[in-house]
Amino acid sequence: MAFARDYLAELARLHHELAAGGRYPGSAIITAGGSAYPELAVEYLAPLADEQGTRGVATTVVLRSGAYVIHDDGFYAAMSPLAAPRSERSLRSAMHGWARTLSRPEPGLALLDAGKRDLPFDEGFPIPQRIAGPKSIPLDPDAMVSALNDQHTFLRLPGSAATELPIGAVVRLGLSHPCTAFDKWRLIPVIDDADAPTPRVVDLLHTFF
C-alpha cells in the first residue's frame, strides 16, 4: 500500500508544480487507476478537483477503477476495500469460468476443458466453486487447480471428493484479474443465474480489448 500512496502523492505534487508554473495550455485532467486501492486514489486526488478553476487551473479528476464492473474472486477480492468482509455493501464477482470434466486420468485428478486460452492465470489460478447440474453434487472446499496448460485445467480433488466428479460434470471456476479474462473473449455469454442448478445463456456481450 505504501507504493500506491507514494505514487499518488507524487502525482498530486506534479500537478501542483505544473499548475503553479503555468505549464497547462488549458484545463487539466488528473486520472489514475484504483481497482485495488480506490479509497487511496480518492483520498489523494479528490482534493485536486477544481472544475471551475477557482484555485487556478480548471481541473477534473477521473478515477479509473475498471475492476468494479465485474470484480473477481482472486486478486482484487483479496485486497479491495470494497470486497467482503471489508465492506458492508461489498462487490461480488460477476464473471466465472465454466468447464466440463473431460477425464479422470488418475485418483484425485480431473481434467477440465478450459485452459490458458480461456481463463486468466497471471494473478492466480482459477478457484473451483461449485458443480453445476440438476443433481446436487458437493464440491470439496479443499479442491484446487494445480496447473493450466493451453486447453486444460488440472483440478485436484482431495479425499472422498475424488470419486464425486463424473465425466461430463460442469465446474464453475472463480477467476482472478478481470482484464486478462476480457481480452480472451470477443463475445462473453451472459447467464441468468450463476447459482442456478442449470444456468441458461440469455445474452452476449461484445468486448473491445
Side-chain angles (χ1 to χ4, degrees), residues 1-8 11 31-45 62-87 89-102 110-132 139-157 170-191 193-195 199 201 203-209:
M1 186 177 293
F3 74 92
R5 289 186 177 276
D6 291 344
Y7 171 77
L8 291 166
L11 185 60
T31 181
S35 294
Y37 304 109
E39 81 285 17
L40 296 184
V42 170
E43 177 186 342
Y44 282 84
L45 301 186
V62 178
L63 181 63
R64 295 180 286 108
S65 302
Y68 84 91
V69 176
I70 62 169
H71 196 46
D72 74 1
D73 288 307
F75 180 72
Y76 290 112
M79 64 175 62
S80 172
L82 301 178
R86 293 179 290 277
S87 173
R89 301 180 63 184
S90 59
L91 297 175
R92 58 191 178 94
S93 176
M95 188 178 194
H96 304 93
W98 300 83
R100 184 179 291 106
T101 306
L102 292 180
L111 296 183
L112 309 182
D113 64 350
K116 292 180 180 179
R117 296 182 181 182
D118 313 292
L119 308 169
F121 57 91
D122 61 312
E123 292 289 357
F125 286 150
I127 304 163
Q129 294 181 326
R130 60 177 290 253
I131 302 171
L139 182 62
D140 192 294
D142 293 325
M144 62 169 291
V145 171
S146 62
L148 296 177
N149 60 22
D150 284 354
Q151 296 175 314
H152 299 96
T153 293
F154 291 70
L155 177 62
R156 298 290 174 178
L157 301 163
V170 175
V171 179
R172 189 182 84 188
L173 301 167
L175 304 180
S176 180
H177 197 187
C179 286
T180 52
F182 275 126
D183 70 358
K184 299 181 188 306
W185 295 88
R186 294 296 301 276
L187 285 174
I188 296 179
V190 178
I191 61 175
D193 184 354
D195 295 318
V201 175
D203 202 353
L204 292 169
L205 295 177
H206 286 270
T207 62
F208 298 92
F209 264 65

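Residues take their numbers from the sequence shown, with the count starting at 1.
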J.: Nearest 0.5 angstrom please: Lys116 NZ to Leu119 CG, how far?
T.: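 If we round to the nearest 0.5 Å, Lys116:NZ and Leu119:CG are 11.5 Å apart.
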
J.: Is there a side-chain contact between Leu112 and Arg100 (heavy atoms, below 4.5 Å)?
T.: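 Contact flag for Leu112/Arg100 side chains = no.
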
J.: Between CG of Leu111 and CD of Gln151, what distance do you get to the nearest 0.5 Å?
T.: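 Nearest 0.5 Å value for the CG-CD distance: 12.5 Å.
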
J.: Please lay out, stage by stage, how Leu148 and Phe125 fare under the test side-chain contact (heavy atoms from CB on, under 4.5 Å).
T.: CA-CA 8 Å; Leu148 296 177; Phe125 286 150; 4.1 Å; yes

J.: Could you give me the CA-CA distance, side-chain angles and deciding distance for Asp118 and Lys184, then say whether side-chain contact (heavy atoms from CB on, under 4.5 Å) is met?
T.: CA-CA 6 Å; Asp118 313 292; Lys184 299 181 188 306; 5.7 Å; no

J.: So Thr101 and Val170, do their side chains get closer than 4.5 Å, heavy atoms only?
T.: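 Sidechains of Thr101 and Val170: no contact.
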
J.: Only pairs at least two apart or in different chains count here, so list each salt bridge (Lys or Arg N to Asp or Glu O under 4.0 Å) that has a residue in residues 142-151.
T.: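 Non-adjacent pairs meeting salt bridge (Lys or Arg N to Asp or Glu O under 4.0 Å): Arg117-Asp150.
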
J.: Are side-chain heavy atoms of Val42 and Leu63 found at a separation under 4.5 Å?
T.: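 In short, these two side chains touch, coming nearer than 4.5 Å.
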
J.: Using the salt bridge (charged side-chain N to carboxylate O under 4.0 Å, His left out) criterion, which residues pair with Asp195? Sequence neighbours excluded.
T.: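 Residues passing salt bridge (charged side-chain N to carboxylate O under 4.0 Å, His left out) with Asp195: Arg172.
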
J.: Taking side chain as C-beta onward, heavy atoms only, is Phe3 less than 4.5 Å from Tyr37?
T.: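 They are in contact (side-chain heavy atoms under 4.5 Å apart), so the answer is yes.
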
J.: Before giving the answer on side-chain contact (heavy atoms from CB on, under 4.5 Å), spell out for His96 and Leu173 the whole-Å C-alpha distance, their side-chain angles and the decisive distance to 0.1 Å.
T.: CA-CA 6 Å; His96 304 93; Leu173 301 167; over 6 Å; no

J.: Could you grab the distance from atom CZ of Arg86 to atom CG of Leu91, nearest 0.5 Å is fine?
T.: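 It comes to 10.5 Å.
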
J.: Checking the side chain of Thr153 only, and the main-chain atoms of Leu155 only, is there a donor and an acceptor separated by less than 3.5 Å?
T.: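 Looks like no, no N/O pair under 3.5 Å.
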
J.: Starting at CZ of Phe182, measure out to CZ of Phe208 and round the result to the nearest 0.5 Å.
T.: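 Answer rounded to 0.5 Å: 12.0 Å.
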
J.: Within the side chain of Thr180, is there an N or O that forms a donor-acceptor pair under 3.5 Å with the backbone of Pro120?
T.: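 Answer holds: no.
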
J.: For residues 65-75, please give each side-chain donor-acceptor pair under 3.5 Å, one per line with the distance, not counting sequence neighbours.
T.:
{"residue": "Ser65", "atom": "OG", "partner": "Gly34", "partner atom": "O", "Å": "3.2"}
{"residue": "Asp72", "atom": "OD1", "partner": "Gly74", "partner atom": "N", "Å": "3.2"}
{"residue": "Asp72", "atom": "OD1", "partner": "Tyr76", "partner atom": "N", "Å": "3.2"}
{"residue": "Asp72", "atom": "OD1", "partner": "Ala77", "partner atom": "N", "Å": "2.9"}
{"residue": "Asp72", "atom": "OD2", "partner": "Phe75", "partner atom": "N", "Å": "3.3"}
{"residue": "Asp72", "atom": "OD2", "partner": "Tyr76", "partner atom": "N", "Å": "3.1"}
{"residue": "Asp72", "atom": "OD2", "partner": "His177", "partner atom": "N", "Å": "2.9"}
{"residue": "Asp73", "atom": "OD2", "partner": "Gln129", "partner atom": "NE2", "Å": "3.0"}

J.: Determine, stepwise, if the pair Leu8 / Leu45 fulfils side-chain contact (heavy atoms from CB on, under 4.5 Å).
T.: CA-CA 7 Å; Leu8 291 166; Leu45 301 186; 4.2 Å; yes

J.: Taking salt bridge (charged side-chain N to carboxylate O under 4.0 Å, His left out) as the definition, give me every residue that meets it alongside Arg156, ordered by chain and number, with sequence neighbours left out.
T.: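 Scan of Arg156 (salt bridge (charged side-chain N to carboxylate O under 4.0 Å, His left out), adjacent residues dropped) gives Glu106.
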
J.: Sequence neighbours excluded, which residues qualify as salt bridge (charged side-chain N to carboxylate O under 4.0 Å, His left out) partners of Glu39?
T.: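 In terms of salt bridge (charged side-chain N to carboxylate O under 4.0 Å, His left out), with neighbours along the sequence ignored, Glu39 is linked to no residue.
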
J.: Check whether any side-chain N or O of Trp185 sits under 3.5 Å from a backbone N or O of Thr207 as a donor-acceptor pair, and report yes or no.
T.: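 Here the side-chain-to-backbone pair does not exist.
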
J.: Would you say the side chain of Leu82 lies within less than 4.5 Å of the side chain of Ser90, judging by non-hydrogen atoms?
T.: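 Ser90 vs Leu82: side chains apart.
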
J.: Between Pro38 and Pro81, is there a side-chain heavy-atom distance shorter than 4.5 Å?
T.: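 The answer is yes; the side chains approach within 4.5 Å.
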
J.: Kindly say whether Ala194 contributes a backbone atom to a donor-acceptor pair with the side chain of Arg130 at under 3.5 angstrom?
T.: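 Between the backbone of Ala194 and the side chain of Arg130 there is a qualifying donor-acceptor contact (under 3.5 Å).
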
J.: Can you name the residues that form a salt bridge (charged side-chain N to carboxylate O under 4.0 Å, His left out) with Arg92, not counting sequence neighbours?
T.: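 Here no residue qualifies.
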
